[in-house]
Amino acid sequence: MFKALETWTPRRYAFFITWFILHVILFIFGVLRVKLDANLSNLNVPLNYSLWIARGGGMCLIWDCSIILLPVCRNILRILRVSFLNKLIPIDENIWFHKITAYSILVCTTVHAVGHYVNFYKMDRLYREPGHSPEFGMSAAELLYKSPAGITGHIMLLCMVLMYTTAKQTGRNKSFEAFWYTHHLAFVMLGALMFHGIGCIVRDKFGNCRGYESYRYLAIGYTLYIIERFIRAFRARLDTRLVKAIQHPAGVIELQIQKPSFKYKPGQYLFLNVPDISNYEWHPFTITSSPFEDYVSVHIRQVGDWTRALGTRMGVEKEGGSGGRGNQAAGMKRPEKNTELVDDRGEEIRIRAGFSMPQVCIDGPFGAPTEDVFDHEIVVLVGSGIGVTPFASILRDIWYRANNNMPLKTKRIEFYWVCRDLASLKWFQSLLATIEQSMLHVKLKIHIYCTAVMKPDQHHNIALHLHDDYTGADTITGLQALTNFGRPNFGAIFSELRQGIMNGTYMPGATQELVVDVAVFFCGPGAMAKSLRKESRLQSKNGVRFSFRKEHF
């Protein structure tokens with residue numbers, strides 16, 4: 001847990017501190033609301049601290065459970081993302097906020113449950129005393145297992161145990177289905193919470209119920225989520241057709257889908273459902289096509305149980321071959337010049353006899369940090385492995401705009417792709433080659449890094465064919481940019497970039513501003529994000545600011 005804090009940004013810390021202070025205020029309010037109520041002297045005297053603590057924890061729970069579903073209301077977030085609130089609240093980090101709220105629910109539930117277990121113990125003792133007061137007319141066992149509060153409380157605890165134990169990253173990687181289905185127990189838990197107080201154990205000395213009436217607050221969040229689900233269900237049922245599937249090296253499958261109602265921007269993502277695999281599972285994937293094309297595409301690497309099942313359904317082995325041609329034509333509102341971005345990117349999957357293209361459903365699009373690329377003149381794109389997919393859409397869109405004289409603020413792009421092995425380079429290299437050779441108004445510089453240790457026979461083959469039909473291109477990728485081996489030193493890279501901006505050699509003719517903003521966009525593992533975020537912060541000086549943004553799902 002403490003290791004995870006190392007990746008927190010100042011905005012995260014500020015948001016969490018505000019969040020913590022709010023919970024302290026709610027807890028104190030919940031305690032004082034009971035403690036200072038003269039009409040609750042019948043409970044305050046015999047129960048005192050355990051009652052106050054349970055009520056304070058319960059007050060925080062009402063708040064947390066009222067908003068736990070809001071971070072997954074993606075249509076609402078899509079609207080908020082383009083508003084001024086995006087500068088105040090880390091809207092792009094909605095899943096992080098969802099997790100923080102879930103941890104808060106866990107802590108507050110523990111406080112609330114322990115407090116009430118002590119209350120039940122005290123009430124049981126008073127119940128067994130001769131001439132006990134009518135407030136304590138039930139034993140501990142009856143309170144725990146027969147009262148509405150006890151029954152619903154234990155249902156919620158059981159749901160939470162199942163949800164939290166399968167929600168860890170390691171558990172999701174091993175069995176996403178277990179996480180997916182147990183996580184939907186949240187609706188059982190929140191439903192039980194709505195009826196948690198109907199037995200009204202907490203009554204004043206006049207017999208009046210003194211509950212929270214929490215259902216009023218919970219209903220607001222639930223209603224918004226139900227509206228969200230109806231919108232997504234309706235949109236997902238609109239006409240959708242899988243028109244082509246392409247098999248790439250390194251176990252990557254590209255799906256090209258036509259959906260006339262689907263309008264998107266470069267850098268956004270969608271949710272994909274394949275009913276032949278599961279009717280209920282929806283998985284997020286970054287869009288890799290450009291809005292100028294007549295289809296929407298996603299690239300899927302076979303690493304989990306669902307993605308492997310998709311490969312099996314398509315008749316593709318994980319370590320697929322390469323070759324063939326996949327043509328991409330400019331569609332949707334074509335540019336004035338009938339220019340097409342065509343590249344050799346894999347082998348089209350031929351459906352076997354007796355099989356048909358699977359039905360697919362897509363929902364979205366949804367906003368992402370990379371959607372803001374076109375707001376900056378100088379952009380650094382960093383992708384690791386399959387994390388390159390958001391930038392495929394961006395580079396393709398820039399290519400269309402640049403080669404058709406369309407307005408474009410972006411002038412310089414530094415693109416870094418870090419791959420684990422040489423096979424991963426193959427499925428994207430031809431697209432990069434096409435873009436690299438034909439950019440007119442945008443200067444694109446490509447940097448390829450391979451982190452795997454090469455085998456002796458690979459070194460031999462590279463050396464053997466180094467001068468065969470040599471055109472100045474890289475022997476491995478065929479790009480003008482040379483392939484580097486090892487990990488990039490972003491400290492040195494950013495320092496050199498900053499010096500070039502300061503002395504005017506990086507972008508000659510540019511107007512000097514008080515602060516030059518270099519937007520750094522990243523998609524990949526957390527460890528690399530931590531390094532990039534750190535270097536962005538350290539190298540932001542002398543009138544150059546590196547602003548870091550990470551892709552989140």
Measure the spacing between CG of L224 and CZ of R229 and express it to the nearest 0.5 Å.
-> 14.0 Å

ring-ring contact (aromatic ring centres under 6.0 Å, His included) test vs H447 passes for just one of W417, F490, Y416, namely Y416

Sub-3.5 Å donor-acceptor pair from the side chain of H196 to the main-chain atoms of A192, do we have one?
-> no

Indicate yes or no for a side-chain donor-acceptor contact from K550 to the backbone of C523 under 3.5 Å, with no hydrogens or angles considered.
-> no

With F366, which residues qualify under ring-ring contact (aromatic ring centres under 6.0 Å, His included), at least two apart?
-> Y269, F271

Donor-acceptor pair, N273 side chain versus S278 backbone, under 3.5 Å?
-> yes

Above 12 or not: heavy atoms from other molecules or residues under 6.0 Å from CZ of F187?
-> yes

Indicate yes or no for a side-chain donor-acceptor contact from Q268 to the backbone of K265 under 3.5 Å, with no hydrogens or angles considered.
-> yes

Value for OG (S66) from CD1 (I220), rounded to nearest 0.5 Å, stands at 7.0 Å

Sidechain-backbone polar pair: Q256 side chain, V296 backbone, donor-acceptor under 3.5 Å | no

Check whether any side-chain N or O of S540 sits under 3.5 Å from a backbone N or O of F546 as a donor-acceptor pair, and report yes or no.
-> yes

Distance col, row R232:CZ vs W282:CH2, nearest 0.5 angstrom, shows 7.5 Å

Have R549 and S547 got a donor and an acceptor in their side chains that come within less than 3.5 Å?
-> yes

For a side chain to side chain contact (heavy atoms under 4.5 Å, CB included) with I394, tell me which candidate from I287, V373, T288 qualifies.
-> V373

H23 and S104: side-chain donor and acceptor closer than 3.5 Å?
-> yes

Do side-chain atoms of H112 reach the backbone of R55 as a donor and acceptor pair under 3.5 angstrom?
-> no

Does the E293 side chain pair with the main chain of S290, one donor and one acceptor, at a distance under 3.5 Å?
-> yes

Between N119 (side chain) and G115 (backbone), is there a donor-acceptor pair under 3.5 Å?
-> yes

Neighbour count above 12 (heavy atom, 6.0 Å) for W63 CH2 = no

Look at the side chain of S393 and the backbone N and O of S289, then say whether any donor-acceptor pair between them is shorter than 3.5 Å.
-> yes

